[in-house]
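Shown next, in structure tokens, is the structure this report addresses.
Just so it is clear, the values below take in all heavy atoms, side chains as well, and ignore hydrogens, waters and symmetry mates. Each chain gets a letter, A, B and so on, in the order the sequences are listed, and its residues count up from 1.
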Amino acid sequence: DAGVIQSPRHEVTEMGQEVTLRCKPISGHDYLFWYRQTMMRGLELLIYFNNNVPIDDSGMPEDRFSAKMPNASFSTLKIQPSEPRDSAVYFCASSRDRNTGELFFGEGSRLTVL
Amino acid sequence: SQQGEEDPQALSIQEGENATMNCSYKTSINNLQWYRQNSGRGLVHLILIRSNEREKHSGRLRVTLDTSKKSSSLLITASRAADTASYFCATTGNQFYFGTGTSLTVIP
């Protein structure tokens, strides 16, 4: 298996622009997580899905952030409009089991908002 | 952080020495996991310890768990330069939360 695949790996955009980050989880994993990592706040859980359904989005910082999972093999995290404080590394991870399974992480998408 | 704290935040040791990192968490858990992150990369799972276990070994890794103190420790024995990375604990209860991480530097 190719592992969790994220794109783009790097994104530089200007404030106010829309940003879309993409994730392909490992086949057969029913859980998908989006995390944000910054030096100041560490790893923050933004949202997670089970069988394509959003279960908990309490970590999504604002209405500017939205996430979708239209099918079992694809998820997007969208920021519209983007702001400089959104600059971070965004990780997608998938798991077979929420409670006992390990998380498999993608390599992350490094976002810089100017 | 949303759940736990690692201690120390940074650790620098000589190759061959042992490295110990601690993790404290806030709520009840199902299990606790340790992950490693090399610079610029995603996190990689190292080891999982269940809430009813007290100690677990995997190669040069030894993990302990004290649920009464809500704490865990990760020991890396005979460290190598390639162990240089950040190490995170993650707790699973209602959520999957990560601690703040310990940055380990192993000097050759």
Worksheet item: Which heavy-atom pair separates B:R41 from A:F91 by the least distance, and what is that distance?
Response: O-CZ, 3.6 Å
Worksheet item: Do A:F65 and A:M15 share a hydrophobic cluster, counting only Ile, Leu, Val, Met, Phe, Trp and Tyr and linking them when any side-chain heavy atoms are less than 4.5 Å apart?
Response: yes
Worksheet item: Does atom CD of B:Q9 have more than 12 heavy-atom neighbours, drawn from other residues, nucleotides or ligands, at distances under 6.0 Å?
Response: no
Discussion item. Please give me the minimum heavy-atom distance between A:F105 and B:L43, naming the atom from each residue.
Written reply: CB-O, 3.4 Å
Practice prompt. Could you look at A:Q6 and say if it's the side chain, the backbone, both or neither that has a heavy atom under 4.5 Å from chain B?
Written response: neither
Worksheet item: Crowded around B:K56 NZ? As in, over 12 foreign heavy atoms under 6.0 Å?
Response: yes
Worksheet item: Could you state the interatomic distance from CD (A:E102) to CG (B:L46), rounded to the nearest 0.5 Å?
Response: 9.5 Å
Worksheet item: Are the side chains of A:L103 and B:F98 in touch, meaning some heavy atoms are under 4.5 Å apart?
Response: yes
Worksheet item: So with a 6.0 Å cut-off around CZ of B:R80, is the heavy-atom count from everything else above 12?
Response: no
Worksheet item: Between B:F88 and A:Q37, what is the shortest heavy-atom contact and its length?
Response: CZ-NE2, 3.7 Å
Fill in: A:I79 with A:F74, same ILVMFWY side-chain cluster at under 4.5 Å
no
